[in-house]
Structures are given as C-alpha cells and as structure tokens.
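Written below as structure tokens is the structure these notes are about.
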Amino acid sequence: MPYTTNDIKSIEAKWQKHWDAYKTFKAQADVTKKKYYVLEMFPYPSGKIHMGHVRNYTIADVIARYKMMQGFNVLHPIGYDAFGQPAENAAIKHKSDPAEWTDRCIDQMHEELKQMGFSYDWDREISTCDAQYYKWNQWIFLKMWERGLAYKKVSSVNWCPSCQTTLANEEVIGGACWRCKSQVVQKDLEQWYLKITHYAQSLLEDLKQLEHWPLRVRLMQENWIGKSFGVEIYFKIKGDTETLTVFTTRPDTIFGATYMVLAPEHPLVKKLVSGTKEEKAVLVFIDETAGKSKSLRMSGDGRKEGIFIGRYAINPVNQEAIPIFIGDYVLMEYGSGAIMAVPAHDQRDFEFAKTHQLPMRIVIQNPQEPFELKSMTKAYEDPGVLVNSKPFNRIGNEEAKKKIAEWMSKERMGKMTVHWRLRDWLISRQRYWGTPIPMIYCDTCGAVPVPYDQLPVSLPKNVEMTGQGGSPLNRVEEFVNVSCPKCFKGARRETDTMATFFDSSWYFLRFCSAHNDEEIFSQQEAKYWMPVDQYIGGIEHAILHLLYARFFTKFLKDLSVIDFGEPFTRLLTQGMVLKGGEVMSKSLGNTVDPDEILAKYGADTLRLFILFAAPPEDQLEWNSDGLEGAWRFLNRVYQMVEKRYVKNFSAFDSKDQMLDRERNNAIKRVSQSFEEGFKFNTAISHLMILANAIDKYVGAGLPRLPDGEATSPLRNAIETLVLLLSPFTPHLCEELWQMMGKNDATIVKVAWPSFDEAALKQTEVTYAVQINGKIRGQFTAPVFATQEQLQKLCLTDVHVAKYVPNAGAIKKFIVVPQKLVSIVV
RNA sequence: GGGCGGGUGGUGGAAUCGGUAUACACGCAGGACUUAAAAUCCUGUGGCCGUAAGGCCGUGAGGGUUCAAGUCCCUCCCCGCCCACCA
C-alpha cells in the first residue's frame, strides 16, 4: 500500500508549501496576456469552514486551475466579509472585543483554506473590517451623498426587537429577521437610505445582457425590481377639495369600481374622518393595525379587515359616488397607498366585498361562458370583453386597457405611469461592528459630511458591548463629540453603522489592487481585470447581494472610475450540501466537519468526491461511502504512475490505437465539461474511464514494463490522465508529475492537452439493428459503408434473419450513420 | 396564487440533433489472495419468465406524433426552490 493517510499529509503539505514559497498563484496585470478573473462569494468568517464553502471554493478552484493551464492570466483572490452581528453577539456573550473574535476566526479560516489547496493569490487577501478597506465604504457613501443618492428620512421601518436594529426589506423573510428569525415589527425612525431606485430602469434593462447568468436568478431580480405599467387615476372627494390618487394596472375595469380602499397609514385618512361619526372607530382601527407587524397583517386567512370612513369618492369616468374604506390589505409603500376596488375582477377586492357586503359590478364578461353576479364564488380575472362600461363596451379587455388609459390621460382624469416594486435600500444599523457612516450633525450647519482627508472614521476600540439600548457607539463620548468640519463648533457624530451588504457590494473591485492606500482601487488594474469572468456562489444571494453589487457598479460607472456597467459576466449558483435530506446546518446538528475528512482522506479526496457526487448546480446529498470511492480512484492513479509509467517505452500492438482513442476522448470530454456548464461529475467519470482503459491495456498484474526509446501510447495516456486530473486533485497530480521526472515548477504552468479529432475516428463501427421499432441484433461495418452494403450486412445477423426472411420483405430501411439501422417489415 | 426547476436501478447520477436507456461510481452478491481479517484484484448486478438461447415489461400516470420517444405534443399527478394581499 504505497499511498496512506500519512503519505497524503506529507504530499499535500509539501505542495502547499511549494505554492506559497514560489507564489505560484500571484496574479499580475499584464496587458499582453488574456486575463481571467474567477471569484467565489467571500465568506463570513465564523471560524470553521463548512461543506458549503468547500463545495463553492472547490468549484472555483478547479475553474481557476483549468484556466491557468489554458494560458490565461488568472486572478483568483479571497477575502473575508468580516463585519456583522455574529461577532458582536459573541462579544456581548463573552464580554470580549468583536475585532479579536473576528481576527481569530479569520486566522482559523485562512488555515483551513490553505489546507484545501486553493489557488488564491494570498497577497490580495482582504478583510472588510480593516480600516484600510472600510475607509472606501465611507468614500463611496460620501460620493453618493454628494449626488443625492444617500439620504436620511423618517419612515416606518422593519425593526428586529432581538437584534435591536433595523432591517432592509430584503432582510425580512416571511415577516421574520433573516438572521435571528424573530418577528419583525414596524417602527418610525430616521434612517439612512441609498437611492437604488434611481437605477431601477438600468438594473432591469441590463439583465438582458447577463445571458450567462442562470435564468432563475435573472427572473428573481426582475420580479424583485417589479416594473408595472398602469394608470394613476384622480378621484375627487365628495364635499371636499382634496383629491385621492389611486394606481391601477387594470384601467379596463374602472367602470366596475364600487368602492375605494386606503391604507390605514394614508396621510389623508385622519383629515377625511375628522368630524364624522365614524372618526372614533377609524382611529381605533388605525391604532390596532399600526401595532401589528407586517407579517401578522399579511397572514390574513383570506379575511380582509377594514372599516368605512364615512366619506365618498367620485369616480371620474361616470361621476358615481363610491364609499371610501381603510383596509389592512392595502399597503402604503406600494403605488399611492390607495386602490379603487373592483370586486368582480380582483380576488382581494372580492373577498373584502364579501366580508363587508359591498356591491359588485361585472364589467368584463367571458364571451364563451357568460357568468352572473349571483353565481360568482371568486373574482373573474381572466380576459374577456367589456360590458357596463359605456363607450367601451364589446371591446376586448387588453385593447381596452390601452384605450381607456389614453382616454383618461386626454380627459385629465388620470395619467399613464410606471410603478416599481423596488424600494430604496435602508442601510442604517444601530450596531457597533460595522462601517461608521461618515456624517456629522451640527446645530448650525446641519448634516455635514466628514471631509475626505479625515477618512477613515475608525471604529473606537474597547467599547462596552451590552446588547441593550441601541448602538454602543452612542455611549462613546470621544467618538460622538467632534467639532463641525464647517464651523468648528461642537457637533455630534453619526453613530449608525452601515449594513454589511454595503461592504460586499464592491469588494470584487478592491481585489484588483487590494492594498492601494491612495485610491479605492487602481483604475488601470480594474480596467484590466474587471469584470469578473466567472462568479460562483449560493442561490441565496440571487437578490440581495447580486442586486446591490450591480447597483454599486452602475454608480461607480457614473462616477467614471470604471467603464462597465455589470460586474459579473458569468454566474454559477452552486447547490446546497444536504445531509439526510436537509441543508447542513449547526442548528439542525447535521453538519459534517471538513476538518475530519481532511484528517482522514486529505484535501484531494474531499475535492474529488464533492465534485463527482453531483453537478455543481444541483443539491448534493452527503454520503461518506462516496468518499471511499474517490479515495480508491486516487490510489489507483498513484499506483499507475508508480508501477506502470516509464519515461521511454517502445511496445506497440493492436491495443494502442484503442488506448489512444480513449486518451483523446477523455481530453475532449473533460475540456467540454469546462466549456459547457462545468459538469464536473461527468468530467471525472471520463477520467475514470481513461484510467480503466489504461489498466485494461496494461493487464492486471503485469510487471513494470521495460524501457525503450519510442513514444508510447501508454506513457501519453498516463501523462494525459495526470494533467486532466490536476485541476481537481492538484496536490497528488503535482507529486505524480514530479515522479514522472518532469521539470516544470508547477503543473498549472503545463499546457492543457489538446485532442486530435482524427484519433477519435474508428475504422469499423457496431450497428444496432431495429426491426419494427425493437432492437433485435447488431453487426459491424466499415465506417464508410453504403446503404446497400449495410442492408446486406445486417441480414447476415442470425437474429435479424429470423425477422427478415429476405430482402424483399423490407418495406423501409433507415440508416442512422455510425449508430443503427431501422427496418420496417 | 404566480414564477422556475425536477420526477430515470437498492443509492448518487449518465444519456450531443428524437437513434442500442441506466455511462461512471456507490452498495450488494459470488470468486481469487490470506491462518484470518482489512486492503487489493476478478466476475455479476433494472424487473419478470427461462437451464440456456431468447422473450416480455421498463425513465411519475394516461394518451398522441414517429421506422424510432427519458427526449417532441396534449391531459393529469407528485416533489423541491423562490416570490407572494404589489393594486
């Protein structure tokens, strides 16, 4: 047994040391070389790496090494998304410093990443909690502030009572905090926002350019941005000078509006009810709704809460007075916070109308199967023709949408408009462990930006972390009390820190010149390396991170520091790692620690297994049995080199051509897998097929073959196998390459093998014979056999002869070249 | 409710343009080596019938197109993920 756990440990350590010493993966911009930037989503340093990291980074590493062998100048960096709440929570718990905790975690993670043999340019390692990094967060923030893209406003925000901080809409999952899962409540606060909506149009439009992104991700972003075309309609209020604006995408149903509903928070509600007999009840309702969290409000089991406010609106198209309600199913954040209700043609309005016994009117009729109000059990939302809509009756509803919208615009009853689902991005966090927002509040001058030459605004050290009473920074006098940069009078510093998604929205640019003290990044370097050619990460970032990164890229382009509008050319979303059908997670206690696998099998086996078990984008069910298989395969390859490989070898016999065909086929198929969707599982299967062919060629138990002088198919096959395998299991392959007497400094500098299409050609092929649709026999024929020859040959097969007594019985004879013949008798 | 993926042996998964379904591996069974075990190697392995040759069935269900369907079309069932009172 030549290859033991100990051997692996020493081989892997040897090559990791070698790569470090020679800086094998150091990337340097060189305009004479074609670049390739491969990037994985950098980790949050929680300490140990988990299987998800292993899978993500192994995929990236295999791609990076393949591209290196292809002669690309490859940039493959790593860093740490190091700000965030776990560090702060750990600090609260252990009464320690988040910076220390984070540093320890980073050290540990750094070690583990090295043990996996990843081809990182370690000179570019960055951490977002480093002031040299977050200084540029503050720089970006100030640039945005100057352009009106960072602003402060009071609004009802999502508040996590457990984390004691606000959350972005994107961070509220099903009404709960995305991190701690507590119920989120609404709270009025003054907060910092980034105007991502300024880029809504280009964020949507440019999705079209991202043809190498998974369709799924593009659709998710499209839905999130949520552009909808519609009409703003103005309703006068009976006996009042106020006008209510509603937004609808269904102007074709305007004649069916039988009431109106406002969001309870709508600014006009209190004014409109004042003095009515409904006032008291309405105010109680508003209070009750405000106390409810959004998710509670939305969790309605079909029931729609609401109340009449005692006023009427005038439908501009027919002057009808319709009652105004407030209802919890109308959201203040979308549209104008007011809707016209068309219960016959909108399911939500239908439910509300049923609950409150409100009238309905059919205005879209199904011409095939007309229906009546009495028999309706749900709203009719399908296409149809207009009825009860005077000048527009009998028009198809799609056409009517356009006609009515145009007519209303012309008559000034409304205006065609576009609404977006995308909201501005709330970035304020009342936490310590994040980038301080570089603003100062002066009683005289108002909000004043910290001057650029005073950046970074550094986080103070030795801050007491209690987890109570808002941001810990509030209590740090020397941090808070500053003089105003404008008038030099006493002023107060902003104590909110930035959401960590800010940090990760541009780190890929920082990697281009990771330790640049002069600028956010070198424009020249960024011009060379960017955009990222291949980005790899989890589908869970399909919306948040990827949308923010695209937003920042567009902003930086507008600043003219870069000249491209999309950061990631290709995106691969790797599947989750499961155990027992569930995602591996600490809370479920079904994790497998990569360290244990490393200790027993080493990095190469783990890498090979995780790639072989499933295609990169599929879910991966962890099964340790497969590990043994990967281990066995690597052992076979090792022994193949040790026992079968000779530098010069002259044996030659009829099997040579077959072996060489397998060799060429492996090159073709493995290369293909890199170019067509990274199907590494099948790439590895072709390497196994080549290994099987080599063993078969040699014959089991043969002694080491004698040296000779001519080139050898066997030698070529083994060399090819090692080269093709090297991106997957680099340590072993470096070792084998050296054992074979090669002098290359490293295997990644050896050219990726090319294949010879001619060697794949065969002189004879086996044809299957199908008779009346069933496979009945087979025969071999020369590659260039004519149809007549094939017909003759196939009849010589005894099984065929049984079904086809003579050539005259053949009704139809179909040839699929090189594959089969199909006979109808 | 909407969108997007899926459904293939005991298991993970293969299958270019519609062309021999189950590649490759795991597991399992039998054998070789061994005092024995482990490791390694060899053979077999979709189901049913058959000593065999061979036959029939078989890619979630049912229908269709075709010489030929996992793949295309229609109807339906189930599973996963994402979004979701967005007017």
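None of these values were measured; they are calculated from a predicted model. Order of the sequence lines fixes the chain letters, A, B, ..., with proteins taken first and strands second; residue numbering starts at 1 for each chain. Computation of the quantities below employed the complete heavy-atom set of this structure, encompassing side-chain atoms and omitting hydrogens, waters and symmetry-equivalent molecules.
- The separation between Leu215(A) atom CG and C81(B) atom P is 19 Å, rounded to whole Å.
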_Protein proximity profile, nucleotides 25-34 of chain B - base contact B, sugar-phosphate-only contact S, no contact -, cut-off 4.0 Å on heavy atoms_ = SSS-------
_Contact pattern, 5' to 3', of nucleotides 63-75 of chain B - B, S or - by protein heavy atom under 4.0 Å_ = ----BS-------
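- Between Gln672(A) and Lys679(A), the side chains place no donor N or O within less than 3.5 Å of an acceptor N or O (distance only, hydrogens not considered).
- Between Arg636(A) and Asp695(A), at least one side-chain N (NZ, or NE/NH1/NH2) sits under 4.0 Å from a carboxylate O, which counts as a salt bridge.
- In this structure, Arg216(A) reaches the sugar-phosphate backbone alone: every heavy-atom distance under 4.0 Å involves primed, P, OP1 or OP2 atoms, never a base.
- Of the N and O atoms on the side chains of Gln791(A) and Gln787(A), not one donor lies less than 3.5 Å from an acceptor on the other residue.
- Nearest nucleotide to the side chain of Lys304(A), out of C85(B), A87(B), G80(B): C85(B).
- Across the P atoms, G3(B) and A84(B) are found 16 Å apart, a figure rounded to whole Å.
- Across all strands shown, C4(B) is found opposite G80(B) as a Watson-Crick or G-U wobble partner, with both distances under 3.5 Å.
- Taking the six-membered ring wherever Trp is involved, the centroid distance between the rings of Phe612(A) and Phe633(A) does not fall below 6.0 Å.
- Spacing of C1' atoms, G18(B) relative to C56(B), comes out at 25 Å, to the nearest Å.
- Using a 30° and 60° split on the angle between ring planes, Trp631(A) and Tyr601(A) fall in the perpendicular class, above 60°.
- Lys774(A) has a side-chain polar atom (N or O) that falls below the 4.0 Å cut-off from OP1 or OP2 of C57(B).
- Counting any heavy atom pair closer than 4.0 Å across all strands shown, Ser336(A) reaches no nucleic acid atom.
- Residue-level contact check: Asn223(A) touches neither bases nor backbone, having no heavy atom under 4.0 Å from any strand.
- In this structure, of G55(B), A21(B), G19(B), it is G55(B) that holds the atom nearest to the side chain of Arg776(A).
- Counting non-hydrogen atoms under 4.0 angstrom, Pro615(A) reaches the backbone sugars and phosphates but no base.
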